[in-house]
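Okay, so here's the structure we're looking at.
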Amino acid sequence: MLERLADHSDSGHRFTDTSARPGRVLNNPAVQRRLYGVEDSRTGPRQTAFSPQHAQATSKEQAKSLAKYSRYRNRAVWAQALVLFNVVGIPLSHGVYLEYYFAVQHSGSRLSALSIIPAIQIFTIMSIPGLVGWVYHWRGRRSGWKIMFFIAGGIAVCAQLPLQWAKSYGLTLILQGPVLGIALGTLFTLSTLVLSSHHRYNLPLVSMQSGFMGFLGAVVYAFVARQGLAIHNCYAPAATAGIMAGTLVTALWLLHRIKNNDAPPRTKIGMKLPQSLGKIMKEEGTMCFVLGYILVFYSIFTPPIYLVVLLTQTPALFAPDLGTLALITCLGTAAVSASISANPIVRRRIGPVNTIIAACILAGAASVLPAFIPYLWLTLVSAGVYGIGLGAVTALHIKTTTVFHAEKAVSHPDMPARAAMMMALGGVSASAGILVSAVLMENVRNGVRFALGVAGGCLVGGGVLIAVARWRRCAKFRIAI
């Protein structure tokens with residue numbers, strides 16, 4: 001289900017936003033953007049003038065060059081998919097480990113202490129891209145990034161192996177928290193930048209790639225963890241390390257076989273910071289969007305992280321296998337939702353911002369039901385519905401930031417820096433939501449219902465704030481934006 005990222009083209013040379021319908025709102029930055037040709041693609045061969053005598057030979061050479069550069073792009077796409085298999089899969093499958101730590105390995109520890117592990121992991125994954133992107137561009141975009149990728153992949157694999165034998169809480173916290181989080185965040189940033197270099201550094205377009213593979217990784221790792229932790233001599237850490245090693249080595253091999261391309265003429269590539277943060281906040285609708293973004297990420301990862309451990313406690317008292325089944329149901333529907341919501345047809349007809357608004361409200365409503373009505377069939381249905389919202393938000397959250405930009409171009413030099421700052425805000429908010437939810441569950445009467453109610457309210461409130469920001473940008477709700 002890997003989507004093709006090449007846009008349709010005409011005779012123009014500007015970017016197109018496939019999520020908008022042209023010709024409807026003249027002053028809206030999400031529409032009225034002209035197309036650029038496939039021949040101007042970042043991976044397209046350089047055009048050279050030839051005499052008429054060599055026209056036939058030139059045509060054959062160009063056909064061979066197009067096929068060769070298409071292979072380069074496909075390798076980058078598959079490498080990104082394999083990286084997301086781990087970057088999305090590892091943190092979202094941690095709920096299985098959290099239940100095992102809480103009930104077996106660290107049964108004397110408080111849930112709030114164990115929740116520090118996924119909180120730090122998600123925070124580092126979402127906060128490190130800005131620093132890694134700066135180093136990537138500072139090193140000349142092509143110097144040293146393969147070594148960085150190799151080191152980060154080795155650290156990610158090695159962070160899993162000691163957990164096969166070491167059982168101390170401190171070591172688990174260090175390895176699965178900051179060490180694994182920094183390694184996964186580095187891998188994600190490098191693979192995304194390499195893939196975007198084959199699409200004229202159009203980061204918003206690349207950010208929607210391979211969501212299905214990311215959630216497929218979460219399903220695989222959750223299943224492996226449940227099977228590996230179900231026996232006395234658990235093999236889950238070793239099996240996870242083996243899968244990570246296989247996928248990351250394959251990704252590095254694919255990236256190593258990509259030819260380095262020169263920048264297109266008159267193209268200046270680099271990490272450009274926004275000129276003024278105050279000016280950004282004054283852009284129409286941006287403040288509401290930022291607040292809604294923070295609220296959404298405060299709670300979007302809370303149900304997947306705590307779902308298994310909550311279903312095995314009162315009042316539900318399900319077996320761990322059934323709790324894992326609910327989590328896999330959520331992640332499976334999220335994989336399908338991420339693929340569909342990022343599809344160009346859906347983005348043209350509905351729009352990424354409209355999709356995220358509906359996804360947040362839907363997920364917020366679905367997250368509350370299992371706490372109040374703990375029936376297995378209702379839990380599975382609610383988990384599946386929540387997965388629809390989770391997949392859409394994960395696939396489109398970077399793309400939506402392009403709508404709230406003062407420029408009318410889909411790709412702008414400061415958009416990577418903006419995306420990195422928004423992801424850092426989301427990481428801080430997500431880690432805070434995970435920790436606060438654990439504290440509420442432990443210290444408040446009916447804490448589980450209260451914590452999930454707060455999470456659901458934040459999702460709905462975040463969706464409403466994004467809707468207000470969208471209305472301030474474009475008051476006509478029939479427009480796909």
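Since this is a predicted model, take the numbers as computed values, not measurements. Heavy atoms only: backbone and side chains are in, while hydrogens, waters and symmetry mates are out.
In terms of heavy atoms, Leu175 sits closest to Pro162 at CD1-CB, 3.7 Å. In terms of heavy atoms, Ile122 sits closest to Pro91 at CG1-CB, 4.1 Å. Nearest approach of Ser437 to Thr302, heavy atoms of both residues: OG-CG2, 3.4 Å. For the residue pair Ala383 and Thr333, the shortest heavy atom distance occurs at O-OG1, 4.1 Å. The shortest heavy-atom contact between Gln209 and Leu84 is O-CD1, 3.3 Å. Closest approach of Ala419 to Leu203, counting heavy atoms only: CB-CD2, 4.0 Å.
Under the 30°/60° scheme for interplanar angles, the aromatic rings of Tyr375 and Trp377 are found to lie parallel. Between Trp145 and Phe149, the ring-plane angle classifies as perpendicular under the 30° and 60° cut-offs.
For the pair Ser337 (side chain) and Ile388 (backbone), a donor-acceptor distance under 3.5 Å is present. At least one donor-acceptor pair closer than 3.5 Å links the side chain of Thr250 to the backbone N or O of Gly246. Side-chain atoms of Ser382 do not come within 3.5 Å of backbone N or O of Thr379 as any donor-acceptor pair. Formation of a donor-acceptor pair under 3.5 Å by the Thr312 side chain with backbone atoms of Val308 is found in this model. Formation of a donor-acceptor pair under 3.5 Å by the Tyr169 side chain with backbone atoms of Ala113 is found in this model. A donor-acceptor distance shorter than 3.5 angstrom exists from the side chain of Glu442 to the backbone of Leu111, with no hydrogens or angles considered. A donor-acceptor contact shorter than 3.5 Å links the side chain of Thr401 to the backbone of Ile398. In this structure, Thr124 contributes its side chain and Gln121 its backbone to a donor-acceptor pair below 3.5 Å. Under the 3.5 Å distance criterion, the side-chain polar atoms of Ser207 are matched with a main-chain donor or acceptor of Pro204. Put simply, the side chain of Asn86 gets close to the backbone of Leu82: a donor and an acceptor are under 3.5 Å apart.
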Exercise for the section: Apply side-chain contact (heavy atoms from CB on, under 4.5 Å) to Gln227 and Tyr235, showing your working. Expected result: CA-CA 9 Å; Gln227 297 302 313; Tyr235 61 87; 3.8 Å; yes
Exercise for the section: Evaluate the criterion side-chain contact (heavy atoms from CB on, under 4.5 Å) for residue pair Gln176 and Leu163; output intermediate values, then yes/no. Expected result: CA-CA 9 Å; Gln176 288 200 319; Leu163 301 176; 3.4 Å; yes
Practice task
Could you give me the CA-CA distance, side-chain angles and deciding distance for Met423 and Ile125, then say whether side-chain contact (heavy atoms from CB on, under 4.5 Å) is met?
Solution key: CA-CA 9 Å; Met423 286 187 65; Ile125 289 175; 6.0 Å; no
Exercise for the section: Please step through side-chain contact (heavy atoms from CB on, under 4.5 Å) for the pair Val296 and Ile466, ending with a clear verdict. Expected result: CA-CA 10 Å; Val296 168; Ile466 295 175; 4.3 Å; yes
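Side-chain contact between Tyr136 and Thr189 is absent, with no heavy-atom pair separated by less than 4.5 Å. Residues Asn354 and Arg347 form no side-chain contact, since every pair of their non-hydrogen atoms from C-beta on lies 4.5 Å or further apart. Gln80 has its side chain out of reach of Met213: every pair of non-hydrogen atoms, C-beta onward, lies at least 4.5 Å apart. Using a 4.5 Å heavy-atom cutoff, the side chains of His256 and Phe150 are not in contact. Here the side chains of Lys399 and Val353 are not in contact, with every heavy-atom distance at 4.5 Å or above. The shortest side-chain heavy-atom distance between Leu327 and Pro304 falls under the 4.5 Å cut-off. For the pair Phe223 and Thr324, the minimum side-chain heavy-atom distance is 4.5 Å or more. Taking the side chain as every heavy atom from C-beta outward, Arg75 and Tyr72 approach each other to under 4.5 Å.
Under a cut-off of 6.0 angstrom, the local environment of CZ in Phe318 is crowded, with over 12 non-hydrogen atoms contributed by other residues, nucleotides or ligands. Under a cut-off of 6.0 angstrom, the local environment of CZ in Phe372 is crowded, with over 12 non-hydrogen atoms contributed by other residues, nucleotides or ligands.
Atom CG of Leu465 is separated from atom SG of Cys360 by 10.5 Å, given to the nearest 0.5 angstrom. Rounded to the nearest 0.5 angstrom, Leu452 CG and Leu310 CG are separated by 6.0 Å. To the nearest 0.5 angstrom, Leu325 atom CG is 11.5 Å from Cys330 atom SG. Rounded to the nearest 0.5 angstrom, Leu98 CG and Leu307 CG are separated by 11.0 Å. Rounding to the nearest 0.5 Å places CD1 of Ile434 at 13.5 Å from OG of Ser112. Distance check: Leu92 CG to Leu390 CG gives 6.0 Å after rounding to the nearest 0.5 Å.
Using a 3.5 Å distance cut-off with no hydrogens or angles, the side chains of Tyr306 and Glu99 do not pair a donor with an acceptor. No side-chain donor-acceptor contact under 3.5 Å links Thr240 and Gln160.
With sequence neighbours excluded, no residue forms a side-chain hydrogen bond (donor to acceptor under 3.5 Å, both in side chains) with Tyr298.
Side-chain rings of Tyr100 and His106 stay apart, their centers remaining 6.0 Å or farther from each other. Two rings, from Phe85 and Tyr221, have their centers less than 6.0 Å apart.
Listed by first then second residue, pairs satisfying salt bridge (Lys or Arg N to Asp or Glu O under 4.0 Å) with a partner in residues 307-336 read Arg226-Asp321, not counting sequence neighbours.
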